[in-house]
Amino acid sequence: MEGRGACIVRRDRFILLECLHTGFEAARVKLSVFAELIKSPPSYHTYRISHLSLWNAASLGYTANEIVDDLKSLSRYEVPQGLEDEIRMIISRYGRLTLHSDAAGPGNIVIRSDSKALMDELDQQTSLEALLLERISPCERVCSSVRRGQLKQELTRLGYPILDYVGYHEGQSLPVSWKGPHFQLRDYQKDAVEHYEGKSGSEGSGVIVLPCGAGKTVVGMAVLNALQCETLILTSNTTSVRQWLAELTQWTNLTTDQIGEYTGEKRQVRPVTVATYQILTHRHSKGGEFHHMSLFDQRNWGLIIYDEVHLLPAPVFRATAEIQATRRLGLTATLVREDGREGDVFSLIGPKRYDLPWKVLENEGWIAEVECVEMIVPMNNLLKHEYIYASPREKFRLAATNPAKVSVVQQLLSRHEGASILIIGQYIQQLIQMAEGIGAPLITGKTSQQERMELYTAFNEGKLPVLVVSKVANFAVNLPDATVAIEISGAFGSRQEEAQRLGRILRPKSGKNKAYFYTLVSEISREQDFSLRRRMFLTEQGYQYKVKYADLNGVENL
């Protein structure tokens, strides 16, 4: 029967959401719980229901009946019966396999199922043979505890997510308290910690998803405070390490000799140690040993925090598979990974425990309202000619580094005179020319850590109105007063990069609490195609981009 819903639900698990429908926003919010946005053209957005999106919904407490009912309420036509059955089947697999330590014997764990047929099905999976599972009853298998991570990883890949009730060792205790009686967590931060702690038997691992500027570091410290144990914190770069150290010193009673920095510059292993992913994956030659992976064993950690978990490198996944007895917390603004390893985050760090939509925090004033604008920049005739005959990859570079973007940036700087402005790009030579053209300092990977911190400090204090930065500023850089971000080039279609770049300006502002995000894209080019993909995650979060055509004489057409 034909209805008036905003969605067309297809049997192949794809959903088309009509953008001009009056129920668009309500439908977008519901779909974001159990489906992934994969295309966002102006007329219809395309979502896909995947195994992982359904299992993450199940981990948050959603049932198959609730998801099917939501689909029925959103759909313009009847939901295909086969799709209903498939959703129920996929969600039913979440929790049918469980992992336990009782009666397993020393050094072993037990896999249990509610079905002998399901166990028989597992026996047919050749990829599980290397784990040496031993059948001890019709519905039980025993496995060595050292294979706990590998087992969870492989079962998730096969479509059998397992709930881990083995538990965790406590780690070395560490008294931690908030500094000062007036420190208060925000309500959503309290909720995030409570969801991480979970119900008895299911707590101790998982991912908390909050936008940049919402205080993920505070949430991490709150979990540390709740568990009262020695903690290893892994993050994306040295700047982020220093910010964690500053926050720990500012907000907790931990002393400086209890907090260690483990980076390329220092090797301090203390009760709370903050390290970079880069130092853990450093080796002297390709194929050589990862010398610093021993950090996982240097103290009796009770908690490992993976900051920016969407950036977790493959070697750290392998190490994480071996330390499943340690509690794990992932923090991120987006679970999107461009390498497709979201399943490994799910199985080895844990499922999504808490996810608060960006627009909810914006509406409550915890993050800034952002106006997103895509500026279409023309190419001159010489560049167009070179572009036509270039290879696909070279086409993207030529479009991304279009020299006309300098003029557009100058216009935007004039429009936002007096604001704190970040100019962000991918190509170093382009950034050098931009910095010289507008007379602003530049931060790249070659900039020393001391110089970076001096420039960031000057920018935060209002002494430096404009700062040009490479991708080193994509992640975990605290620039609370930045109100304008101008993206002049990006990493092809990276959704996570777009989200992180917008995140540089999300911290709440005084006054109108308003920020502006411009992305400059060359007209009729591959850069436009990749731009659509880049902004997909933000579209899913409810951000709408205005599209304006830049005239190099300073006139714009909407």
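Keep in mind that this is a model prediction, so the values were computed, not measured. No hydrogens, no waters, no symmetry mates; every other heavy atom, side chains included, goes into these values.
Between F517 and V373 the shortest side-chain heavy-atom distance does not fall below 4.5 Å. No side-chain heavy atom of I423 sits under 4.5 Å from any side-chain heavy atom of V469. Side-chain contact between L506 and W358 is present, with at least one heavy-atom pair separated by less than 4.5 Å. For the pair V209 and K352, the minimum side-chain heavy-atom distance is below 4.5 Å. Side-chain contact between P211 and L361: present, with at least one pair of heavy atoms (C-beta onward) separated by less than 4.5 Å. In this structure, M221 and W178 have side chains that are in contact, with non-hydrogen atoms separated by less than 4.5 Å. Looking at heavy atoms from C-beta onward, V68 lies out of side-chain contact with V79 at the 4.5 angstrom threshold. Residues V521 and M375 have side chains not in contact (no heavy-atom distance under 4.5 Å, counting atoms from C-beta outward).
A donor-acceptor pair is defined here as one N or O able to donate and one able to accept, closer than 3.5 Å; such a pair exists between the side chain of S59 and the backbone of N56. Distance alone, capped at 3.5 Å, places no donor-acceptor pair between the K152 side chain and the I162 backbone. When atom types are taken as modelled, the side chain of R353 and the backbone of H195 share no donor-acceptor pair closer than 3.5 angstrom. Put simply, the side chain of K471 never gets that close to the backbone of E497: no donor and acceptor are under 3.5 Å apart.
For D187, the salt bridge (charged side-chain N to carboxylate O under 4.0 Å, His left out) criterion is met by no residue, not counting sequence neighbours. Remark: E86 engages R11, R13 in a salt bridge (charged side-chain N to carboxylate O under 4.0 Å, His left out) (not counting sequence neighbours). Remark: F24 pairs with H45 by the ring-ring contact (aromatic ring centres under 6.0 Å, His included) rule, at least two apart or across chains. Not counting sequence neighbours, R328 has no partner by the salt bridge (charged side-chain N to carboxylate O under 4.0 Å, His left out) test. For Y456, there are no ring-ring contact (aromatic ring centres under 6.0 Å, His included) partners, not counting sequence neighbours. The ring-ring contact (aromatic ring centres under 6.0 Å, His included) test applied to H51 returns W55, not counting sequence neighbours. Every salt bridge (charged side-chain N to carboxylate O under 4.0 Å, His left out) that R397 has, sequence neighbours left out, goes to E394. Residues satisfying the side-chain hydrogen bond (donor to acceptor under 3.5 Å, both in side chains) criterion with S50, sequence neighbours excluded, are E36, S53. Taking W244 as the reference, nothing meets the ring-ring contact (aromatic ring centres under 6.0 Å, His included) condition, with sequence neighbours excluded.
Among all heavy-atom pairs drawn from S205 and P351, the shortest one is O-CD, 4.5 Å. Closest non-hydrogen pair, R501 versus S489, comes out as NH1-O, 2.6 Å. Shortest non-hydrogen contact noted between A222 and L185 is CB-CD1, 3.9 Å. Considering all non-hydrogen atoms of both residues, L455 and L442 come closest at CD1-O, 4.4 Å. When all heavy atoms of R534 and T519 are compared, the pair lying nearest together is NH2-OG1, 3.6 Å. For Q189 against A214, the heavy-atom pair with the smallest separation is NE2-O, 3.3 Å.
Note on residues 26-35: pairs passing side chain to side chain donor-acceptor pair (under 3.5 Å), not counting sequence neighbours, are E25-R28. Sorted by first and then second residue, the salt bridge (charged side-chain N to carboxylate O under 4.0 Å, His left out) pairs with a member in residues 456-467 read E461-K463; sequence neighbours excluded. Legend: salt bridge (charged side-chain N to carboxylate O under 4.0 Å, His left out) pairs involving residues 517-532, not counting sequence neighbours, sorted by first then second residue: K405-E527.
Atom CG of L74 is separated from atom CG of L31 by 5.5 Å, given to the nearest 0.5 angstrom. For the atom pair S420 OG and R504 CZ, the distance stands at 15.0 Å (nearest 0.5 Å). The structure places CG of L502 at 10.5 Å from CD of Q541, a figure rounded to the nearest 0.5 Å. Taking CG from L348 and CG from D164, the interatomic distance works out to 11.0 Å, rounded to the nearest 0.5 Å. Note that CG of L83 and CD1 of I49 are 5.0 Å apart. Values are rounded to the nearest 0.5 Å. Between the CD1 atom in I505 and the CD atom in E371 there is a gap of 10.5 Å [rounded to 0.5 Å].
For the pair E498 and R495, the salt-bridge criterion is not met [side-chain N within less than 4.0 Å of a carboxylate O]. Salt bridge absent: E369 and K512 never bring a charged side-chain N and a carboxylate O closer than 4.0 Å. Ion pairing of E342 with R337 is absent here, as no side-chain N (NZ or NE/NH1/NH2) approaches a carboxylate O to less than 4.0 Å. Taking the charged nitrogens against the carboxylate oxygens, K190 and E194 have no contact shorter than 4.0 Å, which rules out a salt bridge. The residues E374 and K548 are annotated as not salt-bridged, no charged nitrogen and carboxylate oxygen being separated by less than 4.0 angstrom.
Among the candidates T276, T217, D307, the single residue satisfying the side-chain hydrogen bond (donor to acceptor under 3.5 Å, both in side chains) test with T235 is D307.
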| request: Assess whether ring-ring contact (aromatic ring centres under 6.0 Å, His included) is satisfied between F396 and F530, documenting all intermediate values. | output: CA-CA 9 Å; F396 180 81; F530 284 114; 5.2 Å; yes

| request: Could you walk me through whether E308 and K216 pass salt bridge (Lys or Arg N to Asp or Glu O under 4.0 Å), step by step? | output: CA-CA 10 Å; E308 310 288 4; K216 292 188 294 295; 5.5 Å; no

| request: Tell me, with the steps shown, if D481 and F459 meet side chain to side chain contact (heavy atoms under 4.5 Å, CB included). | output: CA-CA 8 Å; D481 294 324; F459 184 82; 5.8 Å; no

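For I428, the CD1 atom is densely surrounded, since the number of other residues' heavy atoms within 6.0 Å is greater than 12.
Because its NZ or CZ atom is not both nearer than 6.0 Å to the ring centre of Y543 and within 45° of the ring axis, R535 does not count as a cation-pi partner of that residue.
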